[in-house]
Each structure stands twice: as C-alpha cells, then as structure tokens.
Amino acid sequence: MPETDLRPAPPVTQDADATAYDPTTVEAGWYAFWEGHDFFRADTERGQAQRDAGTSPFVIPMPPPNVTGRLHMGHALQDAVQDALIRMNRMRGVESLWIPGMDHAGIATQNVVERKLRAEGIERKQIGREAFLEHVWAYVEEFGGIILDQKRRLGASCDWSRERFTLDDDYNHVVQDIFVKLYEQGLIYRGHYLVNWDPENMTAISDEEVDNVERDGQMWWIQYPYADRDGHITIATTRPETMLGDTAIAVHPEDERYTDLVGQRVRLPLTDRTIPIVADEHANPEFGAGALKVTPAHDKNDFEIGKRHDLEVLTIMNPDATINEHGGPYEGLDRFEARKQIVADLDAAGLLDKVEPYKTSVPISSRSKAVIEPLISRQWFVKMQPLADLGLQALRDGDIRFYPERWQNEYVRWLDNIRDWTISRQLWWGHRIPVWYYVDADGEIDESRDFVVSVEQPEPGMVQDEDVLDTWFSSWLWPFATLGWPEETDDLKAFYPSTVLVSGYDILFFWIARMVMAGLHFTGNVPFRDIYITGMIKDAQGRWMSKSLGNGIDPLDMIEQYGADAVRFSLNVLCTPGQDIKLEPSKFEMGRNFANKIWNAFNVFGRFMEPGKDYKRTRSFDELDLVERWLLTRLNQTVKTVDEAVGRYRLNEAALAIYDLFWRDYCDWYLELAKPEFGEQMDDETIALAIEVYEQMTKLLHPFMPFITEELWHRLRPREAGDACIAAAWPEANDAETDPDAAEAFALMQELISGIRGVKSQYGVAPSKPVEALVNLAGTAPLTETLDAHGRYFERLANVDRLTVGTDLAKPKASATVVIGSHEVFVPLAGMIDLDAERDRLLKAIEEKEGFRASVQKKLSNEQFTSRAPAEVVERERQKAADASAEIDKLRANLDDLG
RNA sequence: GGGCCCUUAGCUCAGUGGUUUAGAGCGCUCGCCUCACACGCGAGAGGUCACUGGUUCAAAUCCAGUAGGGCCCACCA
C-alpha cells in the first residue's frame with residue numbers, strides 16, 4: 001500500500017454466529033485516517049476563491065466548551081448536528097470550516113482549582129495571585145482539553161489546526177484591545193453602583209447570571225417609633241437585617257393615612273439613628289402597611305428612592321455578607337444570623353407586630369447558588385444600548401435569521417430591555433482589566449489621579465487593575481477573534497462572517513445576542529447569518545440532567561454501549577429544532593439497530609464480490625429491471641427530500657428519509673429481490689447496481705454516521721489512497737434516472753404482494769408454503785404485461801408459485817380475495833378457506849371503504865364545496881368516490897360469491 | 001404582571017405552504033431461527049389529533065377562549 005494510505009486494518013471478521021455489528025473496532029481507526037489526510041482542514045485560498053465567485057464557504061464557530069469540562073449530552077447533541085452540517089457541505093464541495101476551541105470559564109475553573117487546593121490545605125489568598133494562577137495553568141495543562149478528545153470520539157470533524165483558547169496570548173490581547181476600544185468610544189465606564197454581589201465567590205456578577213427562585217419566606221411587620229412624639233409607624237419587610245442600613249421610611253404622597261407624617265422623623269429600632277419619612281411614588285398603599293423602609297445600599301428600588309431624596313447610602317455588609325462596623329452589636333454576624341438575632345431583639349422590645357408566611361423570589365447566583373446580596377461597589381460596565389440597537393437593526397434587516405423563527409422574539413425582548421453589562425469580576429483567572437493606576441508614596445492607589453486605559457503599562461510604577469473580565473466578555477468575540485481579527489487575515493477575509501451558529505436557548509442572552517452585537521460593532525458585519533437553536537436534553541421525566549440528581553446520561557457510556565454512529569444518528573432523529581428532548585439510553589437502540597442493518601445489508605452482495613474488483617454497471621437505466629428502476633427513482637426522490645429538509649435545518653426529517661430509503665426500500669424490497677437463491681451466485685450486473693445504490697446511500701448517511709460509512713466505503717470498491725467517503729461528492733438527484741411509471745407499477749406490486757402475504761398470514765399458511773395467485777386487473781393491457789413479466793417478484797416475496805395475470809379472470813372456488821383499488825387478487829386456498837372468516841374479512845373491508853366513501857360523498861354533496869373549491873380538487877374527490885365505489889363493488893361481488 | 005412553548009397510538013415523539021383512509025421508534029398481538037441481519041422478517045391491533053367556539057368549500061393544521069404541564073422575563077418592600 002502507498003505510504004499515504006492511513007486506512008485502518010479492516011476489523012477482524014466476526015465468526016458466523018456473531019452477526020451483530022460491533023462498532024468498537026470500526027470506530028477506532030477512522031478518525032486518525034481523516035486527520036492524517038487533513039480532511040478537516042479548511043483551505044483559505046479555496047475558501048477565498050469560492051467567496052470571490054459568490055459562494056460563501058460554510059463555517060460554524062463551535063461553542064467553546066469549558067476548558068475543564070466533560071462532554072455531556074447537550075454537547076453531543078449539538079456536535080451531532082454541527083458535524084452533520086459540516087460534513088454534508090464539505091461533500092458538496094463547499095469549503096467548510098468548523099472552528100473548535102475552549103473557553104477559560106473564569107469562575108467555574110477558578111472554583112475547581114480553588115477546591116482542589118483547599119483539599120490540599122492551600123488557600124488561594126495565602127499563596128497570592130501569581131502562584132495561584134500557576135496552579136490553574138498547571139491544572140489546565142493536565143486536565144484541560146479532555147472534552148476535545150471526547151469530541152473526537154464522537155467523530156467531530158473540526159479543523160484542529162485552527163483551535164483556539166480564550167486565554168491564549170493572542171486572544172488575550174484581542175480582549176484587552178476590545179476593552180480599550182470600547183472605553184475610548186465611551187461604551188465602557190467605571191462607577192459605584194448597586195451590583196449583584198455573590199458573597200460566596202466574592203465577586204460581582206451580571207444580571208444574566210442571577211436566577212430568581214421562588215421560596216417560602218416570611219414577612220415581618222415592624223414598628224418604627226416616632227422620634228419626636230409617641231406612637232409608631234409600621235413597615236413590612238422580608239429582610240429585617242437590612243434595617244441596620246435604613247436611611248428613610250417612604251410613604252406614598254397621596255396616602256392619606258400618612259400625609260401629615262411626611263417630613264417627620266422616626267427612631268430606627270436597635271440603633272440610635274433617626275431617619276426621615278419621605279413621600280415617594282414607589283410606596284404602594286395597597287401593599288403591606290403602605291409604609292416602606294428604605295435601604296439604598298442593599299436594594300435596587302431603595303437605591304433609586306435614595307437618589308430621588310438624596311438619602312445617605314449606608315452599606316452594612318462586608319463582601320462576605322457578614323455585618324460590618326455599621327451594624328453595631330451585630331457586627332461580624334452572618335446576614336442570616338443577624339436576621340434571626342434582630343427579629344428576636346425586636347420581639348423582645350415589643351416592636352414586632354406580626355410575622356406571616358410569604359412567598360418571595362430570591363436572587364440566586366447561578367454560579368455558587370448563594371443568595372445574591374445587592375451591594376454598592378465600584379465596577380466596570382458596558383453601555384449596551386448602542387450595541388443593542390445594532391442587534392435589533394440586523395434582525396429587522398434580515399441579516400440574521402433564527403431557526404425556529406420564534407426565538408427571535410426572545411432576542412428582541414431582551415434587547416428591547418437591555419441593561420448595562422457588569423463586566424468586572426473580582427477573580428484572578430481571566431483577562432486582566434487593562435487599566436492602570438498611579439500609586440502614592442505608601443504604594444496605595446492614588447485616587448486623586450486619573451487612571452489610564454491601556455493594554456501595555458503606560459509608565460513604570462503604575463499598577464494594573466486587580467480585577468478580570470467576565471468570561472462572556474471574551475466569548476462574545478469568538479466568531480472573529482478565532483479568525484485572527486483585528487488583523488485583516490486571509491482567514492478572516494475568507495471565512496467571516498460564518499454561516500450558522502448551533503446552540504441551545506440557554507445561552508441566547510449570555511452569548512448569542514452578545515456575539516451579534518460584537519460582530520456588528522467591531523467588524524461591521526453579523527458574525528453568522530443563521531442561528532439554529534436546539535432544544536435542551538432532559539431526563540426521561542423531563543427534568544434537567546444534573547450532578548446532584550444523578551440523572552445524567554454520559555455520552556461516552558452511550559458511545560461505548562451503542563457506538564458513536566448510533567448515538568449521532570439517534571440524536572439527529574430526536575432533534576426537532578427548538579424542542580427539548582426527553583432522553584433515556586434506550587433511545588439509542590434505534591441508531592444501533594440501524595447501524596447493524598447497514599452492516600448486514602452489505603453482506604448480501606458483499607460476500608459475492610471478488611476481492612479487488614471494481615464493479616461498474618454497464619446497463620443503461622432503460623435496461624434495468626423494474627425494481628432497479630424503482631429503487632433509483634426512490635433514491636433520487638430521497639436526495640431531493642434530504643436537501644430540502646437540510647436547507648430548513650430539519651436534519652431529523654433528512655435522517656428519517658434516508659433511514660426509510662435504506663431499510664424499507666433497499667433492504668426490505670430491493671435486496672430481497674436481488675439476492676440469489678440457495679447456493680446460486682449473484683451476477684456482476686446485479687452486484688454492480690447493489691453497490692452503486694449502496695454507495696450513494698453511504699454518502700447520504702455519512703454526515704450522520706461517519707464511521708460505519710467510511711468503513712463500508714472502502715469495502716465497496718478498491719479505493720485509491722486518498723479516496724474516502726468523507727471527501728466523496730454529495731449525491732445529486734438524477735432526473736434522467738427517475739421513472740415515475742416504474743415507481744407506480746412497483747408500488748402496485750408491493751400492495752398486491754402485501755395483500756397476498758396478509759391472506760396467508762390470516763389463514764395460517766406458512767410464508768414458506770407456495771400458493772397460487774390470480775391477479776385480476778381492471779383492464780389495462782400494459783400493466784398486465786408488466787406484472788406478467790415480473791412473476792418472479794411474487795414468487796420471491798410471497799411464495800407464489802403459480803401466478804396468473806389477466807383482465808377478466810374468473811375467481812376460483814374457495815379463494816380468498818384482496819381488493820387493491822379496482823384490482824383483485826384471488827388466492828385459492830382449497831381446504832383451508834374458512835368461509836366465515838373470509839366473510840368477516842370482506843365485510844370489514846367493505847365497512848371501512850364505505851365509511852371512507854361516505855365522507856367523500858358528503859363533501860361532494862355539499863353544493864358549497866363543488867362550486868367554490870378548485871375544480872381540480874373537486875375532480876380529485878369525484879375520482880376518489882368512484883374508485884371507492886368500484887372497490888366496494890368488487891368486495892361485494894366476492895362476498896356474494898361466498899354464498 | 002408580561003411573553004413563549006407543549007397537549008397527536010400504551011410510551012416517546014414527527015407531521016401545521018388546508019384537501020389521498022394522520023405517521024415513526026419502542027411496546028403489544030399472531031406467525032416465522034426464510035442460508036444479510038432475532039439489534040431480524042412477515043402480518044396485525046391501537047388515535048373523536050386536550051376542550052369550547054369561530055373563520056373556511058375544506059381545520060390536527062388558521063383565529064379566539066378554556067383546562068392541564070413546562071419555560072423565560074419582570075418583581076410591590
């Protein structure tokens with residue numbers, strides 16, 4: 001063999017009894033073969049040439065998985081879809097690029113390493129930033145990237161030569177560059193604001209990283225005594241501990257109960273402070289006591305009220321959510337401890353009016369699951385409105401398109417209500433914020449001097465901002481940063497914008513919408529034209545798969561058990577765009593069984609092939625046998641169906657169409673007729689046709705089941721070293737080899753044969769027992785000839801040893817009858833016919849037909865229908881009624897005949 | 001509070017440019033180790049397409065509403 005032939009050795013032939021397909025050996029070798037031949041690598045020059053010629057290369061940016069992640073079913077689903085699209089387009093001759101890579105995943109990765117170090121007795125803070133980051137890098141070196149190998153197991157044909165990591169040096173540079181640009185454009189600003197503070201990770205997070213969870217809580221009604229006279233005002237709160245930071249009471253300006261109290265002061269219980277009562281529209285007279293405690297430093301609405309009334313903003317918590325020095329006796333207590341204590345103290349002081357159960361929605365950090373504490377803090381933000389406008393405009397202009405379309409509503413809704421993005425994170429693992437500060441004599445940041453925004457250190461001695469950027473601040477650049485932007489690289493010119501993004505709806509806001517905005521803002525172009533939203537994988541009960549529930553299904557277990565091809569095929573069949581998938585392992589049996597079918601079907605002709613011989617058909621289409629012309633017709637129809645379905649991103653429809661073609665048409669009908677009898681040989685012409693169609697189906701199936709198809713590709717014919725299924729030309733529908741008449745004739749024979757089989761089954765005649773059959777056609781001579789010439793079909797498929805075809809055949813005594821349209825089949829069953837059973841059978845058939853005819857006639861008797869519906873439709877209905885009548889007549893005549 | 005999705009055979013789901021007798025996989029029934037495949041072959045049973053009303057010649061499909069399930073966003077403390 002030539003040196004460049006990297007084909008794996010064929011799997012050891014299994015022994016005669018073990019006929020089930022074993023994917024393990026077949027799937028082991030081909031990935032190296034593909035990679036070795038560089039089939040995954042997109043060629044920039046070819047891509048550019050295609051773009052110049054007006055055809056865009058086909059490009060998918062792979063959603064980069066977390067560097068420390070493991071493959072889960074969601075990845076497997078999306079990869080199965082993406083790889084199918086990539087392979088299909090590559091076979092079509094479109095330069096195709098699937099860009100792989102990984103995300104540094106700031107908080108997630110830092111947490112993993114922090115936990116690991118803690119288990120070893122090492123605290124992050126003790127060893128310091130630099131040492132900690134060394135640990136993280138070491139961890140990433142050792143355990144990172146496993147997920148990419150797992151994708152290889154699935155057969156993902158991504159271009160590894162273009163692999164990127166969001167924390168690579170050059171990527172890091174791009175991120176920092178972007179920060180500087182946005183700052184200079186006035187789209188990044190720094191400020192003290194109330195942010196979502198995660199006390200567990202001790203960092204700010206964005207609004208999108210907060211989940212609101214409904215919980216059973218309590219509402220406490222608390223008395224605040226007036227400062228200057230007797231009595232009190234009662235407020236209701238779900239968070240009594242925050243009262244330590246109250247700086248006002250608010251009542252509605254038109255709330256008559258309180259109008260004369262506005263401007264007076266109350267004594268804040270448990271502290272020695274007095275605070276004013278202010279009038280603010282935000283207080284709802286209908287809710288609670290109508291009076292509202294105002295804690296500007298720990299509540300978003302209160303913060304706004306505070307601004308309106310120029311109230312003091314008093315932060316009472318430390319970053320770890322313990323009470324700070326403003327909490328007096330409660331200093332040092334955790335916020336929930338403090339709550340208990342404060343409630344107890346209020347109760348003791350007689351200031352607690354009542355406590356009632358109350359459902360509240362609690363903000364939870366999606367990262368740590370800790371309860372978010374709104375906290376004033378100095379952070380960096382991106383001003384989003386100008387970017388959102390771009391994103392909305394792109395959709396309006398039709399520059400991006402969602403599949404399924406309804407997801408654009410979510411996209412629009414989010415962008416319409418866009419809020420500024422908190423991008424700074426108090427972490428160490430991530431892209432350092434490119435901002436520099438002057439230091440004073442004590443080495444502290446000199447707040448009196450302006451900071452400098454710059455990638456490089458502007459002056460010796462300046463210190464860089466300690467914080468890093470939100471992970472998504474790097475991910476949103478993925479589609480163009482991976483292609484070399486901001487350099488005008490050849491890759492960028494050839495492969496940007498990409499074609500389609502395949503992702504789940506869970507990251508529509510986090511990632512997809514932001515990529516659109518970044519693409520538009522920085523490159524002036526959308527990052528991708530199509531957005532294919534997949535559903536999410538759920539367990540059999542419809543619950544999210546999670547570690548804590550232990551209900552996850554590991555794709556690698558499934559690959560081991562069923563094979564990668566089976567997993568990929570099944571996932572593609574199950575995947576209706578935008579719809580969640582309830583998954584259980586048994587779902588993969590469909591794919592496994594199919595792979596087994598494919599494998600075994602090859603043997604039907606494979607065992608007759610001479611090694612090394614290239615079988616080529618010499619017969620023209622017209623010279624082919626009827627079933628062969630039918631098969632080619634079905635093949636060509638299926639190619640059209642597949643192309644059409646894939647054009648709408650309906651890979652499930654495409655996969656099922658090929659499945660049907662292969663199993664129902666090719667195996668169940670064609671092969672059953674093509675395979676030789678007993679010890680006979682298969683002639684070369686038959687082998688050639690069997691191979692030809694099988695080869696075409698191999699190509700159609702390759703995007704879904706790359707391994708088994710590649711294996712069989714090399715068994716079908718002698719192949720040159722570089723000849724591979726992955727690089728084969730995608731089938732094109734051949735109208736010259738499509739014969740609707742043959743298809744129709746064969747379809748009729750299928751019905752007749754099924755009818756005869758049905759009679760035999762009904763009367764308990766063994767399928768292997770030969771029977772006689774008379775086909776009484778409704779008077780068309782050419783059809784008679786056709787059927788007559790193909791008695792062999794009836795013999796092979798229904799064991800009809802004597803077939804009579806005619807137009808005026810008399811029904812033999814003691815025959816069972818099947819009526820197909822206006823045609824009849826008589827099956828003489830002397831001695832076996834059960835008159836009562838036959839009568840029942842015919843009666844049932846009559847009943848069904850009459851029901852059908854009645855519904856058609858009802859339509860026809862409606863004058864509105866006949867006058868208003870298109871003539872063509874009415875005619876079709878008339879024909880249906882006439883056909884049904886003819887069939888019923890035939891059935892009745894046969895019934896009468898029974899006596 | 002606003003919005004979206006789902007409800008089709010025992011189970012899991014396709015199908016909604018309106019018009020053949022609504023499909024698949026699994027399960028079920030009957031018969032088959034028919035020399036490619038029991039991960040298989042043949043033949044069957046099984047559905048008033050959640051409910052109500054409307055539009056239409058014609059509705060599983062379009063519109064309105066109702067019920068049940070799920071999700072997203074907002075959040076009057």
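Chain naming here is simple, since letters A, B, ... match the order of the sequence lines and numbering starts at 1 in each.
Among the heavy atoms of the strands lying under 4.0 Å from A:K880 are primed sugar atoms or P, OP1, OP2 only; no base atom is included. Note on A:R592: a base of the nucleic acid sits closer than 4.0 angstrom, heavy atoms only. Nucleic acid contact class of A:E672 (heavy atoms, under 4.0 Å, all strands): base. At the heavy-atom level, A:G290 lies under 4.0 Å from base atoms of the strands shown. Within 4.0 Å (heavy atoms only), A:Y562 reaches no atom of the nucleic acid at all. Among the heavy atoms of the strands, none lies under 4.0 Å from A:R239. The residue A:S754 sits close only to the backbone: its heavy atoms come under 4.0 Å of sugar-phosphate atoms, none of a base. At a threshold of 4.0 angstrom between heavy atoms, the contacts of A:K675 include nucleobase atoms, whether or not backbone atoms are also involved.
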Using a cut-off of under 3.5 Å, enumerate the N/O to N/O pairs linking the protein to nucleotides 59-64 of chain B.
none

Could you list all N or O pairs between the protein and nucleotides 22-28 of chain B that sit under 3.5 Å apart?
from	atom 1	to	atom 2	distance (Å)
B:G25	OP1	A:R664	NH1	3.2

What protein N or O atoms touch nucleotides 69-74 of chain B N or O atoms at under 3.5 angstrom, if any, and at what distances?
from	atom 1	to	atom 2	distance (Å)
B:C72	O2'	A:E410	OE1	3.2
B:C72	O2'	A:R413	NH2	3.1
B:C73	O4'	A:R413	NH1	3.4
B:C73	O2'	A:R413	NH1	3.2
B:A74	OP1	A:R419	NH2	2.5

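Here the separation of B:A36 from B:U29, taken at their C1' atoms, is 27 Å to the nearest Å. Separation of the C1' atoms belonging to B:U34 and B:G40 is 11 Å when rounded to the nearest angstrom. The C1' atoms of B:C6 and B:A50 are separated by 11 Å, rounded to the nearest whole Å. Comparing the C1' positions of B:C62 and B:U16 gives an interatomic distance of 9 Å, to the nearest angstrom. Separating the C1' atom of B:C71 from that of B:A9 is a span of 27 Å, rounded to the nearest Å. Distance noted for atom C1' between B:A14 and B:U8: 10 Å (whole Å). Spacing of P atoms, B:A77 relative to B:C5, comes out at 29 Å, to the nearest Å. As rounded to the nearest Å, B:A59 and B:A43 have C1' atoms that lie 34 Å from one another.
Taking only side-chain nitrogens and oxygens, A:R757 comes nearer than 4.0 Å to OP1 or OP2 of B:A43. Close to B:C13, at under 4.0 Å from its OP1 or OP2, lies a side-chain N or O of A:K582.
For residues 558-584 of chain A, every residue pair satisfying the salt bridge (charged side-chain N to carboxylate O under 4.0 Å, His left out) rule, not counting sequence neighbours, is listed here: A:D83-A:R568, A:K538-A:D580.
Side chains of A:T641 and A:E644: a donor-acceptor N/O pair is absent below 3.5 angstrom, by distance only. In this structure, a donor-acceptor pair under 3.5 Å is absent between the side chains of A:K890 and A:T817.
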Per-residue pairing states of RNA chain B in dot-bracket (Watson-Crick or G-U under 3.5 Å; . unpaired, | other strand) read ((((((((.[[[[.).......]]]].(((((.......))))).....(((((.......))))))))))))....
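Remark: A:Y649 engages A:Y403, A:Y532 in a ring-ring contact (aromatic ring centres under 6.0 Å, His included) (not counting sequence neighbours). By the salt bridge (Lys or Arg N to Asp or Glu O under 4.0 Å) test, A:E795 pairs with no residue at all, sequence neighbours left out. In terms of the salt bridge (Lys or Arg N to Asp or Glu O under 4.0 Å) criterion, A:E751 has no residue partners (sequence neighbours excluded). Under the ring-ring contact (aromatic ring centres under 6.0 Å, His included) criterion, A:W669 pairs with no residue at all, not counting sequence neighbours. Listed by chain and residue number, nothing satisfies the side-chain contact (heavy atoms from CB on, under 4.5 Å) test with A:S761 (two or more places apart in sequence, or in another chain). A:R413 pairs by the salt bridge (Lys or Arg N to Asp or Glu O under 4.0 Å) definition with A:E410, not counting sequence neighbours. By the ring-ring contact (aromatic ring centres under 6.0 Å, His included) test, A:Y258 is found to be paired with no residue, residues two or more places apart in sequence or in another chain being considered.
Relative to the side chain of A:W663, the nucleotides B:A36, B:A77, B:C41 differ in distance, and B:C41 lies closest. When the nucleotides B:A77, B:C5, B:A36 are ranked by their closest atom to the side chain of A:T237, B:A77 comes out on top. Relative to the side chain of A:K300, the nucleotides B:C75, B:A14, B:A43 differ in distance, and B:C75 lies closest. Relative to the side chain of A:T576, the nucleotides B:A77, B:G15, B:U34 differ in distance, and B:G15 lies closest. Side-chain proximity of A:K844 to the nucleotides B:C6, B:A45, B:C41 is greatest for B:A45. Checking B:A77, B:C39, B:G40 against the side-chain heavy atoms of A:A20 singles out B:C39 as nearest. When distances are taken from the side chain of A:P767 to each of B:C4, B:C35, B:U34, the shortest belongs to B:U34. Nearest to the side-chain atoms of A:A236 among the listed nucleotides B:A43, B:A77, B:C37 stands B:A77.
Rounded to whole angstrom, the span from the CZ atom of A:R650 across to the C1' atom of B:U16 amounts to 11 Å. Nucleotide B:G17 holds its C1' atom 13 Å from the CD atom of A:E653, rounded to whole Å. Separating the CG atom of A:N600 from the P atom of B:A38 is a distance of 7 Å, rounded to the nearest angstrom. Separating the CD1 atom of A:I305 from the C1' atom of B:A77 is a distance of 9 Å, rounded to the nearest angstrom. The nearest whole Å value for the distance from the CD atom in A:E677 to the C1' atom in B:A36 is 16 Å. If you take CZ of A:F569 and C1' of B:A14, they are 13 Å apart, rounded to a whole angstrom. Between A:E405 atom CD and B:C5 atom C1' the separation is 16 Å, expressed in whole Å. To the nearest angstrom, P of B:G42 lies 11 Å from CD of A:Q750.
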Item to complete: Output, in order, the C-alpha distance, side-chain angles, deciding distance and verdict of ring pair (Phe, Tyr, Trp, His ring centres under 6.0 Å) for A:Y694 and A:F662.
Response: CA-CA 8 Å; A:Y694 192 97; A:F662 195 100; 5.6 Å; yes
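Using cut-offs of 30° and 60° for the angle between ring planes, the A:W599 and A:Y21 rings count as tilted. A perpendicular orientation is assigned to the rings of A:F605 and A:F602, their planes being inclined by more than 60° (bins at 30° and 60°).
Between A:W407 and A:F402, the ring centre distance reaches or exceeds 6.0 Å.
Look at A:E653 and A:R648 and you find a salt bridge, because one of the NZ, NE, NH1 or NH2 atoms lies within 4.0 Å of a carboxylate O, short of that distance. Ion pairing of A:R239 with A:E373 is present here, as a side-chain N (NZ or NE/NH1/NH2) and a carboxylate O approach within less than 4.0 Å.
With values rounded to the nearest 0.5 angstrom, A:I235 atom CD1 is found 9.5 Å from A:W221 atom CH2.
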